[in-house]
Each structure stands twice: as C-alpha cells, then as structure tokens.
Amino acid sequence: MINYKNELNQGQYEAVVRTESPLLVLAGAGTGKTRVITYRIAYLINEIGIEPERILAVTFTNKAAEEMKHRLRGLVGPASGSVWMGTFHSISLRILRRDGSAVGLKPGFGVIDQDDRMALFREVIKTLKIDHKKYPPKQYMNKISWFKNTPQYVERQIPDAGSFHRIDEVFREYQKRLNEQFLIDFDDMLSLTIRMFEVSEEVRQYYSSMFEHILVDEYQDTNAIQFMFLRLLAGRSGRICVVGDDDQSIYGWRGADIRNILEFDKHFEDVEVVKLTENYRSTADIIARANTLIKNNAMRRGKELTAHLEVEGALEHHSLLNETSEADFVTKMISKYADEGVSYGDMAVLYRTNAQSRNFEVNLNKVGIPYKVVGGTAFYQRREIKDLLSYLRFFDNSFDSVSFSRSLTTPSRGIGTTTIDKVRDFASRNAVSLIEAVKQMFPSFSRNQQEGFRQYVGMMDYLASFTKVSDMVNGVIERTGYKDYVLANESEEEAKKRIENIHELYNASVAFEETSPEGTLTDFLASTSLSTSTDEASGDRVSLMTIHSAKGLEFDTVFLTGLENGLFPLYGSIDEPEQLEEERRLCYVGITRAKRNLYVTCAESRIMYGNRTVSARSYFLEEMGFAKAKASFTPSTRQFDRFQPKARKPMQPQGKEASSNSKAGKKVRHEKFGDGIVISTSGEGASEKAEVFFKNAGGLKKIVTAFLTFVDE
DNA sequence: TGCCGTTTTATTTTT
DNA sequence: TAAAACGGCA
C-alpha cells in the first residue's frame, strides 16, 4: 500500500492526484520527475481504478522508458506490464501494426534502418542520374527526414520542388521504393499514425477513448507532429499530464518547439500547473549557481530551484592555459577523487562538442584511468550485426532489396551488383518478391552464379525450419560461418570485439523471447531498429560525453569543460538571442548533473579547426558568478610539450599567447562596422585575425587585427 | 558536364 | 583539420 502523502512532497503530491483536467508539471532538474510519473500511474491504477492498458505513457528514449517500467513495477507489480509505455516511435509502431491498413500498410511491413535508408537514397540518386557529388544523397535524406516531421507530410504533400534540386522527384522515387518493398522509415512511424488518425475517425476514436490517461515525459522536447499526436488522442480537455522543464529544452535545433511547453495552457482547456522546485540531487552551492545562470534567459516560465540535500561538496572554477592543461587538471582531480573513494562510474567529463573528447582520452589513457566515451556507434548499427540481421530481414520480407543485396554479398558468393540490379529490376517490373525473381531468372544465370544463388536460397529454406527467433539468429551465425569470416578478414583484436558483439546479438534475441514470448521475427527486427542503445562498455568507468548526452543523468562529481566564448556558447549562437538561450539552458543542464562536486573549466587557448585560437571566457562563467579566476593549476612545461598535438606551425611562445589573450574582451572600433568586442583571436603577426562581435553591424565578424582600433574604457 | 584543385565552413542527435 | 562547397578549365 502506497502512502502518497508521506512518500511525496506537496508539489509532487498535487502532480499525482490532480487527474481530471490537463496538467502541466514543471519539474526542475532533480525534483523527482520520474517519481511523479510513476506514482501518478500507480495512483490511477490503485486509487482511481483505471485499467493499466488504458494508460499511455510516452518517453523520449528507450532508456527512460525502461527505467520507468522498472520503477513502476516496484510500485504496482505485474500490472505495470500492461501500461502502454514507450517512445513516441515505439507506441506509433504498435498502433500501425494493428491498424496500419487504414493508411495502406501491409500487415507485415518492415522498418528500414538508418544505414539502409541511406543506401536506398544512394540508389535513387543514381537512378535519377543526379550528380551525387554536387548533391549528396545524405542531403536529400536529411531534408526528406525533416520534411516527414512536418504537418505537410502528414497531409500528404510532397517537398516543394523549388526548395532543393529535384527534391520532389527524389521524394517520389524514394517513397515508391519503400512502398514496393513494404517498408516504412523511421519518420513514417509517427507521421503515418497521425495521418491515420486524421483519415480514419474510427481509428482515432478507438485509441482516443482507449487511452483514458496520457502522460508525457520531457515535454519540452516535443516537436510539431508529436504535439499533433497528443492533441488528436487527448482532445482539448483530455486527461493529459505533461512533465517537463522549459529550462532544459536543448533540442530546438532538431525541431523541438519550446512553445509546446511555454504555451501549454493555450493548447488545452482548464489547464492546471504544478511547479516542482525542490531539488534532491545537488548541493546548495550548485543549485545557487544554476539559478543565477538561468535567470538570464527571457524565454522561460520562471522558477527557482531550492536545495534540499544536506551535503557539501566542491564547486570550483579553474581557468587553464590550454586544452592540454585542462585535460591534465581534470585527470588529476579524477585521480584525487578516486583515491578518496569516489568510484569512476560516478564521475563525468562533459563538453560541448565531441571533438573535445580526444584530449581527455589521451590523458586518461596515459594515467590508466578507465573511461568510456558515451555516444559511439549504436549496437545495431555495427557492421557485423547489420550483416547478420540482413539475412533475417530478407527472410522476413522478401521484397526488401537492401537486405537482399547486403546478405547476398556478405560473405561473397560471386554475385555482383550488375546481377543484383537485374534481379531487382525484374522483381520491380513484375511486382514479385526478390526470391521469386531469383527462381524465375535462375536458368539465365551463369554456372557460378547459379551455385551462389542455390546456396543463398538454401539458407532461406534453412531459416524456415525454425520457429524460435533465437534459433534463427543462431542459424544465421553458424551457417554463414560469419565468425570465421571475421577472423579471416580482421585483425585479431578487432575480430575478438566483433565476435563478442555477435554473441551479444544472440543474447539479445534470447532476451527478446523472454520479454515477449508471443513476439515474431518481425517484432524482433522492429525492436532492433527502434533500439539505439550503445552497449556502453560496462564496469566502473569515467564517462566522457557531450552535455546533450548527459541529459537525464547524474554524477557525484562533474567536470564541465571548455567554457569559452565560441565553444560554449558555440560560435554561431553568440549573436542569435534564441540560440544563446538554448546554449545557456545546455549549460544549466550541465551544472545540474552534479550531485556533490562540480568543476567548471575553461582554457585560455585551444586548437580549433587546426589552429591555436585564443578565446575569451564564456559569458556563462560571469553569469554563474565566477569572477575572473586566477590560473590555479599550472602543469610542468614538460607535460605541456609532450601533449601538444602535432601542429604544423610551431607552438607560439607563451608570452605571445598571453599578450594576444589580453585582447579578448577588449572594446574595439572598426571604420565600417563601428564599435565591437573581441571574442577571440587567431593567427599571428600581420595575419592575426580577431573575431569581433559588432552590436550594430550584424554581429560576429572576422577581422584582421590591423584594421581595428582598440578603445580604452 | 565532369573533374580537380582551392576555399570555406565548421555543433549538438534520439528515434 | 576534415569535409563540403566552390570555381575554373577541359
């Protein structure tokens, strides 16, 4: 029996028990967001008597969904399994599997994954005889992916022909091929579901009345069509509860619309709002800095966190000479805390851009501190996994030509692209499956090719002899001899890694059978294309990652690095107020990851884009209340030299660096552009350039220093 | 139209 | 620095 009053604070309690009208829960970092969602679901089931299968809970990542399922199980037991809980995409896919025929989908439709989609675009570009050098397939893919996330696509429009070279044709051809192969892509999952709701009032009504309660996590990250999805299901006055934090909206660049959360009360009727501001994660010092920083944003609903944890820790800012000494410093501190008993897994190094990880890796490696770089290639994207799965994909859907050619050619069977294209062509013209095409064309192949195809078709028949998914996976691994193939073609350590992954794939299939005993091969394949989790090297390791990837995580000790104008906030956002605010929110996210110790660092100079650049301290440092810090850590010259990345130009003498550094932040005047402030400088001598922010002349510009007059205050 | 050398431009990324 | 965009020339 849960005692809601005792186990929740006042705000959380309100957020749990107000179940009758649309509810917006503004949950600051570390204020018990997940707790609210899980308790609310428990409350709905136990106290209100809602059936679990009539509750829909949407998250953004699989990880979040899993975490939530896990915690919900602890509260309500097995009933938790019946709640519809998952990402927008997985929920949509489930709906499409059941009712997709309403938008013309065949029951067993497959989902094309990222790489195969790219391959398909390459084919399309080739067929349409578009110059792939001038117009890279990737651009079409990105533009069309973006387009598919707009209401226009839902309404069956196609991209505007004028917007990009022949994009309408590419779009049509791409769609045609997807249809031919009974495939949908990632973006279709959500868009087609919405289209279906709009096309079929009956289907919409079915789900709308089925889901008596809808809960949404990370609402600040929803985009236009995710909003449509929710509105169609909940209606204007439905029982929808969205939880989010406008101050942690960091995906605007990806289409997330912060107005969804800022204007929630305009989108729904009789909205109630609950603010959660009691933070149980971080020390009071950390919370204070986070608060003063985020106050500088204008686009926010406004709230202030209060610290409720009686723990003290370090909160320091250090300005280092360059990126190497920054890495040195961080490494030393990690060692220090490790000696004090903090486990590596409880420490994280955060940065703005992935390129920054290298210096930390080099240093940690050298000292022998175990670390993991979070955000590498996702498990199911790895080559060996894709190779093996391509057999199963084709077995599952014999129209899938991308999987056909991949599986047919790995390992090589003496059949090349020309033959494959012929088969595809035949299949497409006669509207038969590729297997059928192979059978009909069989006599026309050469002796060698016939042998290759015989083997391949034999493989497919072999797969048909299994019923269990894990047996099929095992069957492919064994019969292709893939492990030997890897051993023969890769270095020993590379092969070892790949073989480990292959075993991991088998494990995943066994785990799949456990969690969904009714699951078919189609379901398993769908789950692999939905999953993007990187199998993070397990064990006790320091995490290195971008702040974006750190969202939702927490660590005892955090190093927030690279606080320099031009890097964080990043170059292009400095003169764009909205973007600068997003950078500031990102910084806020970074700070609030720390539970006990937070170190905020910057470097006076670092190598960026190939040359040493001197940057000014980040605006955010001052906004956080870090006055100009003394250089508190100076590595020995020897270390300094040794870690210097091999630059073409010899290192600038340090004295010079110091002098050019003093220009950053200075006021200057330019004949044409007027007054401005130096952000950073690069180059030296006559070619020395300064990046200057001109208030009245279009913002940031690169100017040769000689054309600038320095103005005294 | 296609190729090659030169110049410009740089994030962040789940599903 | 590396990749993409550009521009000149055949």
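Quick caveat, the model's predicted, so the values are computed rather than measured.
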### Query
Atom NZ of K138(A) and atom P of dA4(C): how far apart are they, to the nearest Å?
7 Å
### Task
Assign Q139(A) to base, sugar-phosphate, or nothing according to its heavy-atom contacts below 4.0 angstrom with the strands shown.
sugar-phosphate
### d(CG, N223(A); P, dT13(B)) in whole Å
18 Å
### Message
Quick check for you: among dT13(B), dT11(B), dA5(C), whose closest atom lies nearest to any side-chain atom of S549(A)?
### Response
dT13(B)
### Message
Heavy atoms from C-beta onward define the side chain here; which of dT14(B), dT13(B), dT11(B) lies closest to that of Q579(A)?
### Response
dT11(B)
## Note on the structure
To the nearest angstrom, the OH-C1' distance between Y571(A) and dT11(B) comes to 12 Å
### Message
Using whole Å, what does the distance between atom C1' of nucleotide dT12(B) and atom CZ of R584(A) come to?
### Response
18 Å
### Query
Donor-acceptor pair under 3.5 Å: do we get one between R254(A)'s side chain and the base of dT12(B)?
no
### Message
Given Y174(A), which partner from the list F147(A), F121(A), Y140(A) fulfils the ring-ring contact (aromatic ring centres under 6.0 Å, His included) test?
### Response
F121(A)
### Message
Any base atoms under 4.0 Å from N354(A), or only sugar-phosphate, or nothing? Heavy atoms, all strands.
### Response
sugar-phosphate
### Query
Are the ring of W253(A) and the six-membered base ring of dT12(B) within the stacking cut-offs of under 5.5 Å and under 30°?
yes
#### Entry: Ring centroid separation F109(A) to F182(A) under 6.0 Å
no
#### Entry: Protein-nucleotide distance (K148(A), atom NZ; dT14(B), atom P), rounded to Å
20 Å
#### Entry: Pair Y371(A), E361(A): side-chain N/O donor-acceptor within cut-off below 3.5 Å
yes
### Query
Would one find a side-chain N or O of T87(A) under 4.0 angstrom from OP1 or OP2 of dT14(B)?
no
### Ring centers of F568(A), Y351(A) separated by less than 6.0 Å
no
### Query
With rounding to whole Å, what would you report as the distance between dC6(C) and dT11(B) at their P atoms?
16 Å
### Message
Under 4.0 Å, counting only non-hydrogen atoms across every strand here, what does S573(A) touch: a base, just sugar-phosphate, or nothing?
### Response
nothing
### Summary
note: F186(A), atom CZ; dT14(B), atom C1'; distance rounded to Å ~ 8 Å
### Query
Is any side-chain N of the basic residue among K148(A) and D185(A) closer than 4.0 Å to the acidic one's carboxylate O?
yes
### Task
Specify the separation, in whole Å, of atom CZ of R606(A) and atom C1' of dA10(B).
15 Å
### Summary
Rounded to whole Å, the CD-C1' distance (E576(A) to dT12(B)) equals 16 Å
### Message
Return the pairing partner of dT14(B) with a 3.5 Å limit on both distances, Watson-Crick or G-U wobble; otherwise return none.
### Response
none
